[in-house]
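So the structure is just underneath, and the comments pick up after that.
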Amino acid sequence: MEYNFRAIESEWQQKWKDDKVYKVDNTSTKPKYYVLDMFPYPSGAGLHVGHPLGYIASDIFSRYKRLKGFNVLHPMGFDSFGLPAEQYALETGQHPAVTTQKNIATFKLQLDKIGFCYDWEREVQTSDPSYYKWTQWIFLQLFDSFYNRQTQKAERIAELVKAFETQGSNVPVVDATATPFTAAAWKNFDHAAKQNILMNYRLAYCGYGEVNWCEALGTVLANDEVINGVSERGGHLVVKKKLRQWYLRITQYADRLLEGLNHVDFSDAMKDMQTNWIGKSSGAEIDFAIKGHDAKLRVYTTRPDTIFGVDFMVVAPELELINTIKSPEQSTAVDEYIAYVKSRSDVERMAEKKITGCFTGAYAINPFSGREIPIWISEYVLSGYGTGAIMAVPCGDERDFKFAQHFSIPITNIIGEQYNGQEANPTKEAILENSGFLNGLVMKDAINVAVEKIEAAGIGIRKVNYKMRDAAFSRQRYWGEPFPITWKNGVAEVWEGELPLTLPHVDTYSPGPDAQGPLANIPEWVEKELETNTMPGYAGSSWYFLRYMDPKNNETFCDRKASDYWNQVDLYIGGTEHAVGHLLYSRMWTKVLYDLDMIGFDEPYRKLVNQGMIQGSSRFVYRLDVTEGLKDIFEGEILSNDDQSPIFVSNKFYTESYKLSDKLISIIENKYSSFSHLQSLKKYRSYNLSEIHVDVNFVDGVELNIDEFRKWKNGEYKNAILIGENEEVSFPDNPVSKCIFICGVETEKMSKSKYNTVNPNDLCDKYGADTFRMYEMFLGPVEASKPWDTKGIEGVHRFLRKLWRLFNDELKGKVWNTEKATDAELKILHRTIKKIEEDTERFSFNTAVSTFMICVNELADAKCYKKEVLEQLLILLTPYAPHISEELWQQLGNEGSILNATYPVFNPALLVESSKEYPVSVNGKVRTNLSLSLDLTQQQVEETILQNEVVQKWLEGKAPKRIIYVKNKMINVVV
RNA sequence: GCCCAGGUGGCGGAAUUGGUAGACGCAGCAGACUCAAAAUCUGCCGUUCGCAAGAUCGUGCUGGUUCGAUUCCAGUCCUGGGCACCA
């Protein structure tokens with residue numbers, strides 16, 4: 001009987017489905033364990049082998065925990081709102097709901113084929129009205145809440161109203177408003193005035209923010225749709241535009257998001273990323289008078305101790321203030337510079353090495369020295385951080401220093417010898433000079449003195465700042481959750497209908513007027529004065545882990561009993577690309593729901609494991625192209641021919657600079673003198689090699705399958721002429737060719753457009769899901785990123801077949817028996833139990849797979865076909881390769897599914913050793929091995945060692961200085 | 001630019017706490033079985049020198065700490081991820 005994985009896998013998948021073996025209850029006497037995968041976006045391209053890496057890891061762990069006696073929740077669903085579906089709708093006119101459903105169906109087929117233990121009855125989809133009903137509802141809770149500074153938690157907006165009614169604006173629970181009011185005044189405000197004030201405190205609020213606006217496309221673009229200041233599609237100009245936007249006041253939670261990191265098990269790298277993103281800093285906000293103007297320049301600095309070293313100011317080019325203060329002489333230059341900056345993204349601005357800037361012609365006054373300080377604008381200062389203006393201290397800050405040098409601004413030294421005039425010194429240890437009342441103080445002590453003086457003088461305040469900004473929460477798009485908000489006379493009101501407020505049908509997905517979303521095109525929607533923005537992708541994904549606990553509930557987002565039972569996610573597996581977006585948002589939402597007493601915990605994820613990315617390994621062919629400039633010359637002579645039979649050259653012509661070589665041309669010439677390209681090549685010797693991605697699925701390693709290549713893309717290259725590595729040429733009409741064509745290789749992101757994706761289904765068909773699962777794990781540590789290479793999968797498949805042969809022989813049939821296992825055989829088993837358990841616990845799945853291989857190799861060598869041993873091994877293997885394990889488990893005559901078996905218990909007594917083969921080194925270099933009893937004393941070991949021939953040889957008669965003996969590890973003789 | 005991660009054979013990787021570098025697998029080479037092929041099995045498989053025994057160098061690079069460093073420290077180069085509207 002042979003290992004027929006196709007039959008085995010489909011049979012067991014069907015049986016498990018029929019028996020509902022993965023159904024999970026919200027009540028159990030067993031302890032609970034919640035394993036979560038990051039929410040997939042169901043893209044049209046389907047799953048590629050990179051996606052399931054984390055899913056397989058979590059599936060293994062879920063099954064392992066189940067065997068260990070836990071009630072395990074391991075759900076799956078879809079983050080099904082998003083830009084790609086809408087983009088596709090724009091191009092094809094198909095409704096996103098339709099394409100999304102199609103994509104989800106494909107994903108589910110693919111996932112099921114791999115044999116995951118999801119309870120599909122708990123599936124959620126964010127674009128399903130029964131789901132986004134609750135996303136909208138939670139949004140309304142955010143809208144109806146504010147952050148109480150006193151209690152440090154979210155509370156209902158009604159509480160704030162009560163406070164205003166009794167105490168006016170001077171309340172301890174929130175920061176003061178821009179314009180103070182009394183309790184009496186509050187009561188006299190009209191509705192709109194009150195709402196405007198409250199909008200400053202709501203956790204979900206409306207404000208104004210900049211977006212990437214593309215006039216030509218009439219739409220707002222995502223950052224990744226903008227490249228070098230123009231749109232990716234069409235290359236149209238993109239500028240910043242201010243729009244009314246919804247925001248989440250996540251900044252209020254900055255401190256708690258930081259503090260919460262102490263209570264979760266995330267990697268230090270992940271915690272660092274979040275900490276840096278939040279970017280807490282403390283310093284001061286200082287108002288500088290501006291010469292000849294009433295307006296003040298407010299700067300934020302973390303180093304108020306350096307205030308006497310300020311040589312210039314830098315203001316973000318976006319700041320309105322600039323228009324007021326710019327001098328007539330500088331006006332044109334300033335406007336031109338602002339126009340330049342408008343075309344640049346934040347990333348470009350921060351990454352720019354070239355120093356740019358423009359003097360405004362205005363001067364600020366140093367409040368302590370009275371010095372006049374020139375005010376500049378430059379793109380390296382961003383408007384969103386701090387006050388959008390900095391005081392520049394070139395002797396202490398590298399960027400300020402370079403700026404001063406570039407524009408020849410004189411530099412003041414306030415740290416004496418600590419500053420060498422060649423580069424800035426950002427120390428806090430120097431003793432201040434040229435610094436008025438701060439002279440003689442060490443800088444780090446001077447910070448506090450300076451802040452106190454600034455506060456006393458009434459020109460500034462101590463200020464804690466966060467780099468993190470409030471999260472923009474609206475999109476000018478169609479395919480997202482509508483806001484249950486109406487606008488009455490410019491005031492945002494909660495929509496009065498019953499949730500969900502469903503997405504209306506639209507005829508076109510084109511943007512609405514004035515940079516509004518497509519919803520603005522619908523008369524009925526606009527008539528009802530409904531909000532035309534929709535929510536962003538992270539709305540639905542910020543709370544989905546809660547919905548899985550109680551996915552069908554129509555009364556509440558998640559029953560309290562269910563969330564109390566399942567509590568936090570015990571294990572969350574996903575990529576670092578979500579480090580600062582999704583993870584921070586869902587942590588914030590959890591904290592708000594906790595504050596409002598709707599759930600009983602304030603961190604969503606107890607433990608986070610970061611899965612690495614599987615990169616694509618792309619393959620290239622190199623097309624010989626006539627260069628652009630010469631095209632005219634070839635008109636009529638070549639070009640028509642060119643398109644039909646392009647020439648491709650093998651890798652070596654690209655890497656070994658065979659470009660333009662006589663050799664390449666002579667190859668063609670010698671073989672095919674009538675070749676029509678030849679004349680032009682000889683004549684002009686001017687061509688390029690362009691890299692063209694080819695589908696990795698018809699490249700074996702690096703060798704191109706030329707027949708497949710000719711059939712590719714409906715025969716686009718069927719007439720191609722290929723010059724191989726061995727300098728043989730393949731023509732379309734000579735199918736028998738000795739041409740060996742080698743492709744170029746590069747590691748890149750796995751993506752359909754790069755033709756480097758591999759479909760897991762194909763591999764499951766060819767080798768089986770068990771092989772696929774184990775191979776994904778065998779590739780390397782889950783946390784590591786690595787390029788995909790299908791080649792090694794054979795090895796894992798061979799391993800499973802070898803396992804199969806421990807039970808069945810192709811000719812003899814059943815070979816397993818019920819004989820008693822020997823000590824040696826039990827030792828093999830228990831060493832495996834120990835290692836598999838350890839490796840699984842620490843998510844080291846790749847070494848676990850190796851361990852299985854070693855175990856099966858050893859059992860095969862020992863000809864051990866004993867049920868007593870094999871049965872235990874199968875249980876260990878179930879989480880990794882569930883189908884074959886179940887099949888063999890049944891063959892052994894077991895009742896019931898192996899899914900419910902009990903995990904083997906490791907018996908240390910079986911592994912006790914009495915001696916050890918020690919490596920013996922002399923001066924740290926291993927020279928020999930020696931087997932010694934484990935109960936020897938240091939002295940006994942030393943004596944034995946010195947007797948040894950090899951050791952004596954290396955001692956060369958000298959006496960050893962020291963002998964290091966680490967029991968059970970090694971011995972080192974120092975001479 | 002800033003933040004984070006990673007550089008080990010031809011390739012993916014192992015070495016869990018500073019203790020035999022290269023487990024396990026792929027590819028390759030040689031052999032057995034076979035009419036042949038597939039499958040399976042056996043052996044070899046970092047570099048240089050050597051018939052061999054053995055020696056030499058070797059974990060991106062340059063230094064340091066240590067009896068001993070892939071592992072710790074400092075610096076440096078390269079690659080990948082993120083940088084707020086892809087999800």
Side-chain angles (χ1 to χ4, degrees), chain A residues 2 38-43 79 81-84 87 209 211-212 220-226 245 267-270 272-273 275-277 279 345-353 380 384 399 467-472 474-477 536-538 541 575-582 584 610 612-613 615 701 747-749 775 778-781 783-789 791-796 798-799 801-802 805 810 838-839 842 844 846-847 849-854 857 860 917-926 928-929 961-964 966 968-975:
Chain A
E2 63 175 21
M38 278 187 183
F39 223 10
Y41 175 79
S43 79
D79 190 9
F81 273 134
L83 198 49
Q87 197 55 48
V211 295
N212 298 315
V220 175
L221 297 176
N223 281 337
D224 71 336
E225 294 178 299
V226 184
Q245 302 266 48
S267 68
D268 287 343
M270 178 62 67
D272 280 355
M273 274 193 261
T275 304
N276 291 330
W277 180 264
S345 73
D346 282 3
V347 177
E348 286 169 338
R349 284 171 59 174
M350 300 303 289
E352 184 58 68
K353 284 183 190 166
Y380 79 84
R399 210 155 33 168
K467 216 184 286 172
M468 179 167 69
R469 309 199 286 266
D470 279 340
S474 46
R475 303 290 183 257
Q476 292 68 45
R477 303 285 180 185
Y538 65 83
S541 62
T576 47
E577 66 270 25
H578 297 285
V580 289
H582 159 66
L584 280 174
N610 291 122
M613 261 207 183
Q615 289 142 342
T747 298
E748 318 176 273
K749 230 182 186 144
Y775 183 58
F778 188 60
L779 273 183
E783 295 94 339
S785 292
K786 55 243 157 188
W788 176 263
D789 179 12
K791 278 220 138 174
I793 198 168
E794 296 273 358
V796 175
R798 267 174 224 154
F799 152 73
R801 281 212 308 261
K802 193 164 183 178
R805 287 200 304 273
E810 272 176 43
E838 281 171 5
D839 284 354
R842 65 188 177 107
S844 180
N846 57 327
T847 52
V849 176
S850 303
T851 304
F852 282 123
M853 289 175 171
I854 292 169
N857 287 346
E917 177 95 353
Y918 284 96
V920 180
S921 0
V922 179
N923 284 340
K925 279 194 187 228
V926 179
T928 187
N929 284 301
K961 236 188 242 166
R962 206 173 135 192
I963 294 174
I964 292 150
V966 184
N968 222 349
K969 289 275 188 213
M970 46 65 71
I971 298 160
N972 187 16
V973 182
V974 188
V975 186

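Residue numbers start from 1 in every chain, and the chains themselves are labelled A, B, ... in the order their sequence lines are given, proteins ahead of strands. Atom set for the values below is all heavy atoms of this structure, side chains included, hydrogens, waters and symmetry mates excluded.
- The side chain of A:Q476 lies closest to B:rC85 when the candidates are B:rG12, B:rU20, B:rC85.
- Comparing A:K467 and A:V926 against RNA chain B, the residue whose closest nucleotide sits nearer the 5' end is A:V926.
- If you check every strand for non-hydrogen atoms under 4.0 Å, A:E917 touches a base.
- As rounded to the nearest Å, B:rA21 and B:rU59 have C1' atoms that lie 8 Å from one another.
- Here, B:rU48 and B:rA36 have their C1' atoms 42 Å apart, quoted to the whole Å.
- Relative ring orientation between A:F852 and A:F799 is described as tilted, the plane-to-plane angle lying within the 30° to 60° band.
- Annotation: B:rG6 and B:rU71 have their P atoms spaced 13 Å apart (nearest Å).
- Side chain of A:P919, nearest nucleotide from B:rC24, B:rU20, B:rA14: B:rU20.
- Nucleotides of RNA chain B nearest to A:D789 and A:D272 differ in position, and the one nearer the 5' end is that of A:D272.
- Side-chain N/O atoms of A:N846 include one lying less than 4.0 angstrom from OP1 or OP2 on B:rA14.
- In the set B:rC24, B:rA87, B:rG13, B:rC24 carries the atom at the smallest distance from any side-chain atom of A:N857.
- Put simply, the side chain of A:V974 reaches to within 4.5 Å of the side chain of A:N923, judged on heavy atoms.
- In terms of the side chain to side chain contact (heavy atoms under 4.5 Å, CB included) criterion, residue partners of A:S850 (sequence neighbours excluded) are, by chain and number, A:F778.
- In this structure, the nucleotide among B:rA84, B:rU20, B:rA87 sitting nearest to the side chain of A:M468 is B:rA84.
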Problem - Per-nucleotide protein contact string for nucleotides 66-83 of chain B, where B marks a base within reach and S marks sugar-phosphate only (heavy atoms under 4.0 Å, - for neither) - result: -B------------SSSS
Fill in the blank from the handout: Dot-bracket for RNA chain B, 5' to 3', Watson-Crick and G-U pairs with both distances under 3.5 Å, [ ] for crossing pairs, | for partner on another strand, reads (((((((..(((......[....))).(((((.......))))).(.((....)).)..(((((..]....))))))))))))....
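- Here, B:rC24 and B:rG9 have their C1' atoms 15 Å apart, quoted to the whole Å.
- Looking at residues two or more places apart in sequence or on another chain, you find a side-chain hydrogen bond (donor to acceptor under 3.5 Å, both in side chains) between A:N857 and A:K802.
- Regarding contacts with the backbone of B:rU16, every side-chain N or O of A:R842 stays at 4.0 angstrom or more from both OP1 and OP2.
- Base orientation at B:rG43 is anti, since its O4'-C1' glycosidic dihedral falls outside 90° of 0.
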Listed pairs, N/O of protein and of nucleotides 41-48 of chain B, under 3.5 Å:
from	atom 1	to	atom 2	distance (Å)
B:rC41	OP1	A:R805	NH2	3.4

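- Comparing B:rA15, B:rA14, B:rC4 against the side chain of A:A269 picks out B:rC4 as the nearest.
- A donor-acceptor contact shorter than 3.5 Å is absent between the side chain of A:R475 and the backbone of A:G82.
- Closest contact between the side chain of A:E838 and the listed nucleotides B:rU20, B:rC85, B:rU16 involves B:rU16.
- For A:I854, the side-chain atoms get nearest to B:rC24 when compared with the rest of B:rC85, B:rC24, B:rC86.
- Using P as the reference atom, B:rG25 and B:rU42 are 11 Å apart when rounded to the nearest Å.
- Not counting sequence neighbours, the partners of A:D839 by the salt bridge (charged side-chain N to carboxylate O under 4.0 Å, His left out) test are A:K835, A:R842.
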